[in-house]
Number of protein chains: 2
Amino acid sequence: MATIAVENYLKHTLLLAQRSPDGLVPMGELATALQVVPGTATTMVKALADSGLVLHEPRRGLRLTVEGRRVALNVLRKHRLVETFLVNVLKMDWAQVHAEAEQLEHAISDAVLDRLDALLGHPATDPHGDPIPSVEGTLSSAVYATLASCATKASLRVVRVTDQTADFLTFAEAHGLRPGAVAQVLDRNLPAGLVTLRRLRSKPFALSLAAAGKIWVAPVEAG
Amino acid sequence: MATIAVENYLKHTLLLAQRSPDGLVPMGELATALQVVPGTATTMVKALADSGLVLHEPRRGLRLTVEGRRVALNVLRKHRLVETFLVNVLKMDWAQVHAEAEQLEHAISDAVLDRLDALLGHPATDPHGDPIPSVEGTLSSAVYATLASCATKASLRVVRVTDQTADFLTFAEAHGLRPGAVAQVLDRNLPAGLVTLRRLRSKPFALSLAAAGKIWVAPVEAG
DNA sequence: GGATCTATTTTGATTTGTCAAAATCCATCC
DNA sequence: GGATGGATTTTGACAAATCAAAATAGATCC
Ligand SMILES: [Mn+2]
Ligand SMILES: [Mn+2]
Ligand SMILES: [Mn+2]
Ligand SMILES: [Mn+2]
């Protein structure tokens, strides 16, 4: 069985590999994500490579093997289903559940996972709009526009909020920016780095381009 | 924060101290319960004593400090509430949930614990009839008769099944011996070590005195 | 092409939790 | 009172995961 540390290394490797065309994850990015010093990541990655869970290309980075990806997807599925349970069933704050799931993802058996999945009605996404890997190991990689890149004036549906920090999620929540909400970009001022937004029947407000880029949106008529 | 190992040592110390009038737990019993060799338990207990969680009386045993007992009760509360959740909400087999809870008890935060407790309606006992410690840290120590010690012929209500092994629980379940069930002892043959039992409107069956001693019962009119 | 800078790796050490096996204590039994 | 035996402790070793700091490899920039 994979230890908690191994599960965390594999899960973060999967997440970092997503935004890298060749799936190669630099050692430094992995170390930062896991909050360890670079030397620790190197040591661990070599051990993971010995176990056949990753391929280590010295000085270039690492990538998951098929087996490593299988384990990582299972952990990610647990993480996101647990978050969904905590929000939908236990009614916890969506800003808190990431930290909780970070622990629970390692303690839940596959048997409990299946029951949770059924109880929740086999959800496709978690409370933040993050896709939940299927039991078979498929993970949606759909890419959307963001409030920093979308057309102005059009009505758009929020589909995903890609920042797990409690502060950002609390801010988003306060302005009604959760998956399902409808909003339109009134104005985008690139020199100032500001986006002005209005939710359906609410007062307009502004946020930075950096913050806007974390909110993914889709046309209202779709799905 | 206490590590998983520390939490397990404290929880098992609490459980073993329950059936010892002075609360002193011999090192060997603790080692057996935790499935480690005696030397490992000695080493760990000395570390726990340094942390102020137990008192170590060399060659005699150990006992929990007030702080150690507080931590142990919190872990036990998590264990038993998780078992209750797994059986009552996720409809899992009561023979499986002990092993699941053994992991989950270390991954659940106090915030999640409170929500679970509310969702379950603040239960007093878990699916096996084991008392759930209160948030304030009180734990019922009520002692009942067992099918090995109770009066014969009288109708009795099962209140607790004190063996967590899957085999025994599956056997008990198969004969309807779960908390709430009503049964009577038809006969007790001490030389043969056999107890003959009948549940309400069911065929009589026999089990060993050892097995009968694990089923706790109370008069039907009580509680 | 050589100096410089940065990411990565290596080295040596530490913490936590464990085992195997030897040493020791102490209660009990003649 | 001394021998015996079982429980406990000690000793030495090990695996997993980590850090601090030194060494190294590559890329980049004159
Ligand atoms: Mn985690
Ligand atoms: Mn999420
Ligand atoms: Mn446990
Ligand atoms: Mn129980």
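Chain letters run A, B, ... following the sequence lines, proteins first and then strands; every chain starts at 1. Note: hydrogens, waters and symmetry copies are ignored here, and every other heavy atom, side chains too, is used.
Nucleotides of DNA chain D nearest to Pro26(B) and Pro58(A) differ in position, and the one nearer the 5' end is that of Pro26(B).
Look at Arg70(B) and Glu67(B) and you find a salt bridge, because one of the NZ, NE, NH1 or NH2 atoms lies within 4.0 Å of a carboxylate O, short of that distance. Using a cut-off of 4.0 Å between Lys/Arg side-chain N and Asp/Glu carboxylate O, Arg63(A) and Glu57(A) are scored as salt-bridged.
Which of dT18(C), dT18(D), dA20(C) sits closest to the side chain of Val37(B) comes down to dA20(C). Candidate nucleotides dC19(D), dT8(C), dT9(D) were compared by shortest atom distance to the side chain of Met27(A), and dT8(C) ranks first. In this structure, of dT10(C), dC19(C), dT10(D), it is dT10(C) that holds the atom nearest to the side chain of Lys46(A). Closest approach to the Thr3(A) side chain among dA17(D), dC19(C), dG17(C) is made by dA17(D) (side chain taken as heavy atoms from C-beta onward). Checking dA17(D), dT9(D), dA20(C) against every side-chain atom of Thr42(B), the shortest atom distance belongs to dT9(D).
Gly28(A) comes within 4.0 angstrom of the backbone, heavy atoms only, and of no base.
Judged purely by distance below 3.5 Å, without hydrogens or angles, the side chains of His128(B) and His98(B) never pair a donor atom with an acceptor atom. Inspection of the Asn8(A) and His106(A) side chains reveals an N or O donor paired with an N or O acceptor under 3.5 Å.
At whole-Å resolution of the value, CG in Leu34(A) and C1' in dA17(D) are 12 Å apart. In this structure, the CZ atom of Arg60(B) is 14 Å from the C1' atom of dC25(C), given to the nearest Å. Rounded to an integer number of Å, the gap from Leu62(B) CG to dT9(D) C1' is 14 Å.
In this model, a side-chain donor or acceptor of Arg59(B) finds a partner on the base of dT24(C) within 3.5 Å.
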